[in-house]
2 protein chains.
Amino acid sequence: MSSTFAALADPTRRAILARLALGETSVTEIAAPFEMSMPAISRHLKVLEKAGLISRGREAQWRPCKLKAEPLKQASDWLEEYRNFWEQSFDRLDEYLKTLQKKEKRDAGKNGSGRKKR
Amino acid sequence: MSSTFAALADPTRRAILARLALGETSVTEIAAPFEMSMPAISRHLKVLEKAGLISRGREAQWRPCKLKAEPLKQASDWLEEYRNFWEQSFDRLDEYLKTLQKKEKRDAGKNGSGRKKR
DNA sequence: TGGTTATTTAACTTAGTTGTTAAATAATAT
DNA sequence: ATATTATTTAACAACTAAGTTAAATAACCA
């Protein structure tokens, strides 16, 4: 999980994944859109491979890379556990905004003395 | 997006988020389960805050931290674009397993010439 | 005021990441 | 064999990250 998120934390690597979603391809072709040396790309690919996000074949002198989406699924599942939370947040925002509107109508000027402790 | 994934790449920080999903709480309480100095935790919280994953209030000498799930939603949305991809993978696996079963039924006796490589 | 509790900042160490260029390896083509 | 094309490894520099201890802030308590 850590290595998956770490791999996704780099925009170059996310772009590589996006490219690979269109289909398997060679390192040179992957590298083309980037202003970056070949070895740099090669190492990004190594990071992706270690995270299990790609696999590499051998076809003559090319090493085609292929997207492996399983770790993405795991990451997605992890995030999914927080779904209620972000949906709730919007609900709360709604609620809060309503409260605020009521207050503004009611007492347009008094400021807070109420203390709270958790 | 990068800072969100980077923040999630650390297991301590993921654990902190899990704790905060149960409710807002103080730094000391967040730190309790970890064998780690206070400043270390404090800096993890700073990382989470910079990524927009938590917000911090002030209540007497405590600084309660609160989960902010919006960046998680964004991350989830990003991953969602690959859903077809990982579902496809399972389809392919299914297919492959079926093919395999057929083969096994068909030629359940020719042994010793098949080579496999890991 | 001074003391206590909660939290952050500073200074430092160690380790890992990201990029570079130059050289090495791998397979094909002549 | 040798040259060519594709890709990786080595060696290095600059930067960032994660932890430590000790000291600084901040707000309360007496």
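A note on names: the letters A, B, ... follow the listed sequences, proteins ahead of strands, and every chain is numbered from 1.
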Trainee: For nucleotides 14-30 of chain C, just jot down a letter per nucleotide in 5' to 3' order: B, S or -, based on protein non-hydrogen atoms under 4.0 Å.
Mentor: ----BBBBB---SSS--
Trainee: Would you kindly confirm whether L79(A) and V47(B) end up in one hydrophobic cluster when ILVMFWY residues are joined by side chain heavy atoms under 4.5 Å apart?
Mentor: no
Trainee: For dT9(C), does OP1 or OP2 lie under 4.0 Å from any side-chain N or O of K46(B)?
Mentor: yes
Trainee: Write down the distance between CD1 (I30(A)) and P (dT7(D)), rounded to a whole number of angstrom.
Mentor: 8 Å
Trainee: Counting distance only, does the side-chain N/O of Y82(A) pair as donor-acceptor with the main-chain N or O of A18(B) below 3.5 Å?
Mentor: yes
Trainee: In whole Å, I'd like the distance from the NZ atom of K50(A) to the P atom of dT8(D).
Mentor: 14 Å
Trainee: Quick check: does any side chain N or O of R13(B) sit under 3.5 Å from a backbone N or O of A7(B), one acting as donor and the other as acceptor?
Mentor: yes
Trainee: Find the distance R56(B):CZ to dT8(C):C1' and express it as a whole number of Å.
Mentor: 9 Å
Trainee: Show the nearest heavy-atom pair for residues A31(B) and M38(B), with the distance to one decimal.
Mentor: CB-SD, 3.6 Å
Trainee: Linking I/L/V/M/F/W/Y whenever any side-chain heavy atoms sit under 4.5 Å apart, do W62(A) and I41(A) land together?
Mentor: no
Trainee: Taking M1(A)'s backbone N and O only, do any of them form a donor-acceptor pair with R14(B)'s side chain (distance below 3.5 Å, no angle check)?
Mentor: no
